[in-house]
Amino acid sequence: MSDCLFCAIVAGDVPADVIHRDDDAVAFRDIDPKAPVHILVIPAAHHATAAELAAADPAATGRLLALAGSIAESEGVADSGYRIVTNTGPGAGQSVHHVHFHLLGGRDLSWPPG
Ligand code: DGP
């Protein structure tokens, strides 16, 4: 989508601290990290929400979650624990309408989330 920030990051038109890129997915560090490890894992294709992505391409959804898991390993938080979060809609605080999985780790994460 031409007016989508994360499509622009996928295209390389907006700079980001990219830690993984392939034909289907990009992972980059969040610009406003909420934990020592805070990485956004996104599909290259534009889908607004996780539910829309899962309905359109369940296999890609699974690959993104597997990618998040492998990044948790490479970032050193797999053993200590991490959280994968996707906010959907205004009440949940979704501010970018290109689905993104937040991978958070490196500190104790309280429950329930705020
Ligand atoms: P959410 O509020 O769940 O839609 O999360 C959007 C996240 O995107 C938020 O944690 C901040 C991050 N973000 C917004 N703009 C940029 C940007 O230009 N670059 C990077 N790396 N992250 C961004």
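Each ligand, and each atom within it, is numbered from 1 in the order the structure gives. All values below come from the heavy atoms of this structure, side chains included, with hydrogens, waters and symmetry mates left out. Residue indices begin at 1 and follow the sequence shown.
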Identify the closest protein heavy atom to atom 4 (O) of ligand 1: which residue and atom is it, and at what distance?
Ser95 N, 2.7 Å
Is the closest heavy-atom distance from His100 to ligand 1 below 4.0 Å?
yes
Got Asp79 and Glu73 here, is their nearest side-chain heavy-atom distance under 4.5 Å?
no
Do any nitrogen or oxygen atoms of Phe6 lie less than 3.5 angstrom from nitrogen or oxygen atoms of ligand 1?
no
Under a 4.0 angstrom heavy-atom cut-off, which atoms of ligand 1 come close to Phe28?
20 (C), 21 (N)
Taking distance alone, with no angle check, do Ala16 and ligand 1 share an N/O pair under 3.5 Å?
no
For ligand 1, find out whether one of its N or O atoms is nearer than 3.5 Å to an N or O atom of Asn87.
yes
Within the 4.0 Å heavy-atom cut-off, what Leu40 brings close to ligand 1 is side chain
Spell out, as yes or no, whether a donor-acceptor pair under 3.5 Å connects the side chain of Thr49 to the backbone of Thr88.
no
pair Phe6-His46: side-chain heavy atoms closer than 4.5 Å:
no
Are any of the N/O atoms on His38, whether in the backbone or the side chain, positioned under 3.5 angstrom from an N/O atom of ligand 1?
no
Min heavy-atom dist His102 to ligand 1 below 4.0 Å:
yes
Identify the closest protein heavy atom to atom 19 (N) of ligand 1: which residue and atom is it, and at what distance?
Ile31 CB, 3.8 Å
Identify, by atom number and element, the atoms of ligand 1 in contact range of Gln94, meaning under 4.0 Å from any of its heavy atoms.
4 (O)
Report yes if the side chains of Leu103 and His38 come closer than 4.5 Å at any heavy-atom pair, otherwise no.
no
So Glu75 and Ile39, do their side chains get closer than 4.5 Å, heavy atoms only?
yes
Has Asp22 got more than 12 heavy atoms of other residues, nucleotides or ligands less than 6.0 Å from its CG?
yes
Which residue and atom name correspond to the protein heavy atom nearest atom 21 (N) of ligand 1, and how close is it?
Arg29 O, 2.9 Å
Is a side-chain N or O of His98 found less than 3.5 angstrom from the main chain of Pro43, in a donor-acceptor match?
yes
Backbone of Pro58 reached by a side-chain donor or acceptor of Arg63 within 3.5 Å
no
Closest to atom 18 (O) of ligand 1 (heavy atoms only, candidates Leu5, Val18, Val96, Ile42) is Leu5
Contact check, Asp30 vs ligand 1, heavy-atom distance below 4.0 Å
yes
Counting only N and O atoms by type, is there a donor-acceptor contact under 3.5 Å from the side chain of Arg83 to the main-chain atoms of Leu109?
yes
